[in-house]
Amino acid sequence: MTEAEGEYALPGDVDAVRDALVDWYEDGHRDFPWRRTDDPYAILVSEVMSQQTQLSRVEDAYHAFLDRWPTTADLAAADRADVVGFWSANSLGYNNRAKYLHEAARQVENEYGGEFPRTPDELEELMGVGPYTANAVASFAFNNGDAVVDTNVKRVLYRAFDVPDDDAAFEAAANELMPDGESEVWNNAIMELGGVACGKSPSCDDAGCPWREWCAAYASGDFAAPDVPEQSTFEGSRRQKRGRAVGALREHGELELDELGPRVRVDYGGDTGREWLRGLLSDLADDGLVELEDRGDETVARLAN
């Protein structure tokens, strides 16, 4: 890692981190139509439409666009004014994107014989296709991309693994995490994590975030991020206490309740004593994060295997 990339530390068992995310994604991700195809044209359309546009609005426009111009040949032969008119009528914003998409279709037909280029560098030769879009199309159409790094991914890496707010560091960490040859599923999965579980207002427990065991923000309760400059309102919350329990068990291994309690809250004891902590840990056990074992009069907690 170069000095410009800053300092960060991924968990020791990177394979476990990878498997947890992919299993979570494949167990029930949001079902967008562009996730059900490997057609590079359809994926390019979805990527261009999704730039600064809500996905709920994109989905209807995506189907209508492909119904009207189902191939690059159809789009290349279209009148540009019709393409721009469609864009404007569907409130997709920035009509230049429609012009660029139309020109990119012409390039595919005229310069590439109707066959899409397959690598990020080649895809960047298409009009209006920058590094992010080129990498997304290479990943999702050809499983041939690098790690995608968008705002959501930066937020996840910053919170989970203390990756500094530095583009080189984000790129390095994202590519270190991504399994070789699995850019399609990995990039979809980590973007889904940022969109569903690790938004500006995180839903760690409700979304069953698969990285809670390793996440620095979950342990500390501080969910600030590059696009969330103020600390989120988790100070003192039950979610913060859950995170502290996970963090303490990750650091110290198994602990008896009275050893763990003061590490979770400074006022441990009385109404916030063993029964309170047992309830908190039971919730974590139900989520598959913690194991509890009764040993005579003592209960021991550890992270689940």
Side-chain angles (χ1 to χ4, degrees), residues 32-55 57-153 167-168 170-171 174-175 178-188 190-191:
F32 294 121
W34 44 88
R35 287 180 172 170
R36 301 195 298 268
T37 182
D38 59 4
D39 177 2
Y41 169 61
I43 291 168
L44 178 61
V45 170
S46 74
E47 289 293 330
V48 174
M49 285 187 174
S50 299
Q51 294 168 13
Q52 299 180 340
T53 305
Q54 291 181 344
L55 293 183
R57 192 161 74 244
V58 168
E59 192 162 355
D60 289 340
Y62 169 86
H63 287 299
F65 190 96
L66 292 179
D67 284 345
R68 188 166 180 180
W69 301 293
T71 67
T72 51
D74 294 311
L75 184 59
D79 188 296
R80 182 165 295 178
D82 290 340
V83 180
V84 173
F86 175 96
W87 212 261
S88 179
N90 284 271
S91 302
L92 292 168
Y94 299 101
N95 288 344
N96 278 345
R97 284 186 282 158
K99 297 177 183 178
Y100 295 153
L101 187 57
H102 183 246
E103 183 58 33
R106 288 185 170 181
Q107 286 179 268
V108 171
E109 290 301 309
N110 297 331
E111 299 175 23
Y112 295 92
E115 295 291 329
F116 256 80
R118 301 177 66 91
T119 69
D121 287 345
E122 292 172 324
L123 284 158
E124 275 195 68
E125 296 298 318
L126 300 180
M127 181 65 71
V129 176
Y132 173 84
T133 300
N135 192 41
V137 175
S139 293
F140 304 141
F142 304 115
N143 196 28
N144 190 36
D146 299 318
V148 166
V149 181
D150 66 358
T151 300
N152 283 344
V153 172
D167 286 346
F170 286 130
E171 292 280 354
N175 280 295
M178 187 180 77
D180 291 340
E182 296 186 31
S183 61
E184 179 188 6
V185 66
W186 179 262
N187 285 329
N188 269 318
I190 196 168
M191 288 194 296

Enquirer: With no hydrogens and no angle check, is any side-chain donor or acceptor of Thr133 less than 3.5 Å from a backbone partner on Val129?
Expert: no
Enquirer: Locate the shortest heavy-atom distance separating Pro120 from Asn144; write the atom from each residue and the value.
Expert: CD-O, 3.7 Å
Enquirer: Rounded to the nearest 0.5 Å, what separation is found between the CG atom of Asp39 and the OG1 atom of Thr72?
Expert: 8.5 Å
Enquirer: Hey, does Arg68 have a side-chain heavy atom less than 4.5 Å from the side chain of Asp82?
Expert: yes
Enquirer: Less than 6.0 angstrom separating the ring centers of Trp34 and Phe140, yes or no?
Expert: no
Enquirer: What are the two closest heavy atoms between Met49 and Val58, and how far apart are they?
Expert: O-CG2, 3.5 Å
Enquirer: Does Phe142 offer a backbone N or O that forms a donor-acceptor pair with the side chain of Asp38 under 3.5 Å?
Expert: no
Enquirer: Leu75 and Tyr41: side-chain contact (heavy atoms from CB on, under 4.5 Å), yes or no, with the steps?
Expert: CA-CA 10 Å; Leu75 184 59; Tyr41 169 61; 3.6 Å; yes
Enquirer: To the nearest 0.5 angstrom, please state how far the CG atom of Asn96 sits from the CE atom of Met127.
Expert: 10.5 Å
Enquirer: Go through it in stages, so that I can follow the logic: the residues are Val108 and Leu126, the test is side-chain contact (heavy atoms from CB on, under 4.5 Å), and I'd like the CA-CA distance, side-chain angles, deciding distance and then a yes or no.
Expert: CA-CA 8 Å; Val108 171; Leu126 300 180; 4.0 Å; yes
Enquirer: Could you list all the ring pair (Phe, Tyr, Trp, His ring centres under 6.0 Å) pairs where at least one residue sits in residues 79-129, not counting sequence neighbours?
Expert: Phe65-Phe86, Trp69-Phe86
Enquirer: Quick one: does Asn188's side chain have a donor or acceptor within less than 3.5 Å of a partner on Val185's backbone?
Expert: no
Enquirer: Quick one: closest heavy-atom pair of Gly114 and Glu109, and the distance?
Expert: CA-OE2, 3.6 Å
Enquirer: Is there side-chain contact between Phe170 and Val153, with heavy atoms separated by less than 4.5 Å?
Expert: no
Enquirer: How many angstroms lie between CG in Asp146 and CH2 in Trp186, if you round to the nearest 0.5 Å?
Expert: 14.5 Å
Enquirer: Nearest 0.5 Å please: distance from the CD atom of Gln51 over to the OG atom of Ser46.
Expert: 10.0 Å
Enquirer: Nearest 0.5 Å, what's the CD-CD distance between Glu182 and Glu184?
Expert: 10.0 Å
Enquirer: May I ask you to decide if Gln107's main-chain N or O and Glu125's side chain share a donor-acceptor pair within less than 3.5 Å?
Expert: no
Enquirer: Would you name the heavy atoms of Gly181 and Asn143 that are closest together and state the gap between them?
Expert: O-ND2, 2.8 Å
Enquirer: Got a donor-acceptor contact below 3.5 angstrom from the Asn187 side chain to the Ala147 backbone?
Expert: no
Enquirer: Evaluate the criterion side-chain contact (heavy atoms from CB on, under 4.5 Å) for residue pair Asn152 and Met191; output intermediate values, then yes/no.
Expert: CA-CA 6 Å; Asn152 283 344; Met191 288 194 296; 5.5 Å; no
Enquirer: To check you understand the geometry: which heavy-atom pair defines the closest contact between Leu101 and Val45, and what is its length?
Expert: CD2-CG2, 4.2 Å
Enquirer: Might you point out which heavy atoms bring Ala134 and Leu123 nearest each other, and give the distance in Å?
Expert: O-CD1, 3.4 Å
Enquirer: At what distance, to the nearest 0.5 angstrom, does CD of Glu47 lie from CG of Asn135?
Expert: 9.5 Å
